[in-house]
Amino acid sequence: MSDEPVTGVQSILPEGTQPTPMLPKGLKRVPSGVDQLATEHLILNVGPQHPSTHGVLHMLVELDGEEVIAAEADIGFLHRGIEKLAESRRYHQMGTILDRADYVSGFHTETAFALATEKLAEIEVPRKASWIRSLVMELNRCASHYVWLGPVGMDAGAMAPFLYLMREREMILDVLEAISGSRMMFNYVRPGGVVRDLPAGIDAPLRAWLAIADKYLGETEDLLGGNEIFRARMKGVGVIAPETALAFGMSGACLRSSGIDFDLRKARPYCAYGEIDFDVPLGTVGDAFDRYKVRVEEIHQSVRIVRQLLDGMPEGEHTSKVAKALRPPAGEVYAAVESPRGELGIHLISDGGPTPYRLRLRSPAYYNLGVADELLAGGLIADMIVSLGSLDIVLGEIDR
Amino acid sequence: MIEGTGWLKGFVITFRNMLRGPITVRYPEHKLTLPERSRWAVQQRLNDDGSPRCTACLICVKECPDDVLYIETSAAEGGGKHIDRYVYEIGACMMCGLCVEACPFSAIEMSHEYELATRHGGDLVRVLLQDVDAASPRRERKGEADA
Amino acid sequence: MPAQRVADILAAAGVPSAPSDELLGAVVRLEASRVADALAALLAEGFDFFLDLFGTDTGEAIELTYHVRALAALDDVFLKVVVPYDGEAPSVWRSYPAVLHAEREAAELLGVSFPGHPNPKRLLTTEGCDPFLRKSVAVRSAEEVRLPRE
Amino acid sequence: MSLFLAILLRFVGLVALLLVNGVVLIYMLRKVLARLHLRIGPNRTGPWGLLQTTADVAKLLTKEDLRATPTDRLLFNTAPYLVFVPAFMAYIPIALSPVLVAAHLDTGPLFVFAVLSMVPLGVVMAGWASNSKWSLIGGMRAAGLQIAYEVPLLLSALGPVMIAGSLDPLRIVAAQSGTWLGFIPRWFVLPQIVAFFIYAIASQAETQQTPFDMSEAESELICGFSNEYGGMRFGFLYLAEFSNMFIASAVGTLLFFGGWQLPWVATPLWLAPIVFIVKVYIGIYFMMWARGSLPRFRMDQLLGFAWKVLIPVSLVWVVLSGVVIRLVSR
């Protein structure tokens, strides 16, 4: 490394060039010409303290009246350097920071890391541990989709579904708390298995949720997808063509709503998914309404998966013996899970030490958000809010 | 735009939910029962006679990712260790439970104490043990094999 | 797909590379200056899904890893290039626009540059922040940042 | 009684009605929305949270009067009053009973619509003077919306007026007394059902309730034109909104639901105001119910709906009911 201290934006710019000002790429700053009036474009800062940016996202948009001409996502307000911190954590401690990356579906990040470590250290995972992981991940997927579906209804102005979905989400979080000890920061999945077996009596609250999940979700579907205003707001808004989705590395429901059938649970089954029967819903148009439909159907499928997992939960050990001070051999692995937002990958490089040499979190929402600059231009402000919401971004995971 | 009856259905659903009644828990009067595994503030587990189980082995201190535990020890008069202070900074604790998992003597546990809001910053630093002799690790290990 | 096949594809496009099959999968190592050509060739061969770009400080240089996938055949390929500290690799956004954010992130966190990037601003950190994914930048421990205990 | 005293009494009465209404409506909105959303609503201040809005008013009144430096001082300060005063004036011809009315105006509904059409002026003023982009967009939206929905609102009121043959609220109500076939109240809502629906939609839009809460679409514009306001200036904007709700429901009651009259029985004079208020509050409940159940339109869809659907339908309806009334009355 050079002795020169690297400071400022100059470090990432070629020699002699000046940093560009913070303005959107397609900025025009010209009279609009639409109505032959000398109207000037408006630069609007949406966020980082805006009710609809779902966290601390900052959107810089250029407006002609209410029409969005250019937009640029500005992220990093929640950057905590998780990838750097991971280099000083031992393997069994990693859950504490990985939970905080994607804070609405911590189990997925934890499991991705556990799978990567197990691959690297060649640890066998008991069958029951895999099933428990699948169970908690599916529950977590439902909780995450609930907390997407509600706010996206709020983005469109409907407040009721949000609060109704909180009711169901609470039931799930109670179950997750009973299993792991915490409602969101679980720290439960470890390399080799899970920390503790499922508690006795977890069946009852889970079945109680399973009994109402489809019915109550149906009510929300009537309130949102069945409502003409909501349909008018979502249909044809934020259309992502399949080529665009692929080019921007989108995954998860955003990719599937564009009609591309790719789900890691089917493509590369991990945990218990190889033994479970479920469908992968697909969209056709790739607009915000398709993303809504795909995610709602995913909840129904998750309910189905949870029912199967609960019925067929195997007996046995919940974890294999793993040394507390795990030192995987030097090497490099990549393991991924299908998180509620898409392919969440952990790229792990070990040098044989007690902590990872490098841990890279392939964050799905980070890549899904990449399309925003292209997606939002051309719509109205209201469309921008809905399109952005329909991407299901979680800033904790994007900024890491 | 209002061609369908979906919006009318919405009215029916919100009304039905209104009849279902609130789900809010009126917090200070009513409290939820926490699951047994709920992780909240760390507390000491004492023996039946009130003596600490802690041996001041410092494993929990080393394990804690946030470095919220702190033990000051000195040599006890009759040999062994004397715990001057066992300090727990609850304000920095994230209740991950790693210290409890690591403790070989089951000397600490996660309590269900969740009402942690306080008016004084000083309350966020707790002294869990003060001026007591640490338990002898050998005796504990025999009695508590695989505890 | 074995790494040798990937190397053949790259060789046909005139990019020399060193393939190896590792625990990670098919890994191909090549010159940093040729990475844009290599990825363009892979895109033409059906590697349509860009997963990730990230850098690792190996202690001597920065190793950039490009992870692409042929979605239909479910083949993963890892391209690895080594650039010196404060060195550069061409931006590959014309093949994969997905890399736009990742290149900005790698640039600021590892102190390399990507000529050809259309919007080379900082992404996650603010002006004056060290490229802290380098090993030479230490994480301050909790003891260092903590207020002194009384 | 001297003229001065009479005027003073009426003025005080109106102010009291408006303030009490505001306080009660805010409490009611919170409770109704909370119940619709499985919540409890305010329940800490006073029994059942009854004093919550009183506490809020006290808070707003005692707050520091802040104004950001780059705002236009004169316009910024006057805009809340320009919004509030028309809302206040609209109470004048509202007849709670045949005698309980601030001023008996022959053109009651017309007067209400006329003064309420001044509100957009204040809203645009507030939006522009705030020197905030969000406020500006909110103000422009509110103006566009109110202008668009004023037309169907007026047209929908024409039907009942044509049947009654008068713009006088007393005569409109009087025309709705009695029954058809002995048990159906002669309320204008039945023959004028289409006009009633148009009125309901347009008044929901005029009072800026979901699904028409464009100007303060909180998920888009945060707080719209009232973004930069605080303290009692914000209180005035807020109060005007709630008082408009009352006006909209009250005018609807006068035009379509027989005003202060009970169906089937003669209404004693002392009961009339109570009947009227109850009817108005039932109307307001429906407005709040819609607010709690529906998503929000997009601005262009909203304007398209007003100009392309509501106005043509109401025009056709006016012609149709005019012809029918002419034929029936012959």
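Quick caveat: nothing in here was measured; it's all calculated off a predicted structure. Each chain gets a letter, A, B and so on, in the order its sequence line appears, and its residues count up from 1.
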Counting only heavy atoms not in Phe197(D), do more than 12 sit closer than 6.0 Å to its CZ atom?
no
Spacing of CE belonging to Met159(A) relative to CZ belonging to Arg291(D), to within rounding of 0.5 Å:
9.0 Å
Looking at every heavy atom in both Leu38(D) and Leu163(A), which two are closest together, and how far apart are they?
CD1-O, 4.4 Å
Any idea which of Leu36(D), Leu33(D), Leu136(D) has the most non-hydrogen atom pairs under 4.5 angstrom with chain A?
Leu36(D)
Provide the closest heavy-atom pair for Asn227(A) versus Pro295(D) in the form atom of the first, atom of the second, distance.
ND2-CD, 3.4 Å
What's the spacing between Arg298(D) CZ and Ile381(A) CD1 if we round to 0.5 Å?
12.0 Å
Residues, nucleotides or ligands: over 12 heavy atoms within 6.0 Å of Tyr103(A) OH
yes
With a 4.5 angstrom heavy-atom cut-off, could you sort out which part of Val46(A) is near chain D: side chain, backbone, both or neither?
both
Hey, is CH2 on Trp128(D) packed in by over 12 heavy atoms from elsewhere, all under 6.0 Å?
no
Using 30° and 60° as the class limits, which term best fits the ring planes of Trp134(D) and His50(A): parallel, tilted or perpendicular?
tilted
Between atom CG of Asp300(D) and atom CG of Leu380(A), what is the distance when rounded to the nearest 0.5 Å?
5.0 Å
Taking atom CE of Met140(D) and atom CD of Glu66(A), what is their separation to the nearest 0.5 Å?
10.0 Å
Minimum heavy-atom separation for Arg233(A) to Arg296(D), with atom names?
NH1-O, 3.0 Å
Can you give me the closest heavy-atom contact between Ser293(D) and Leu223(A), atom names plus distance?
O-CD2, 3.9 Å
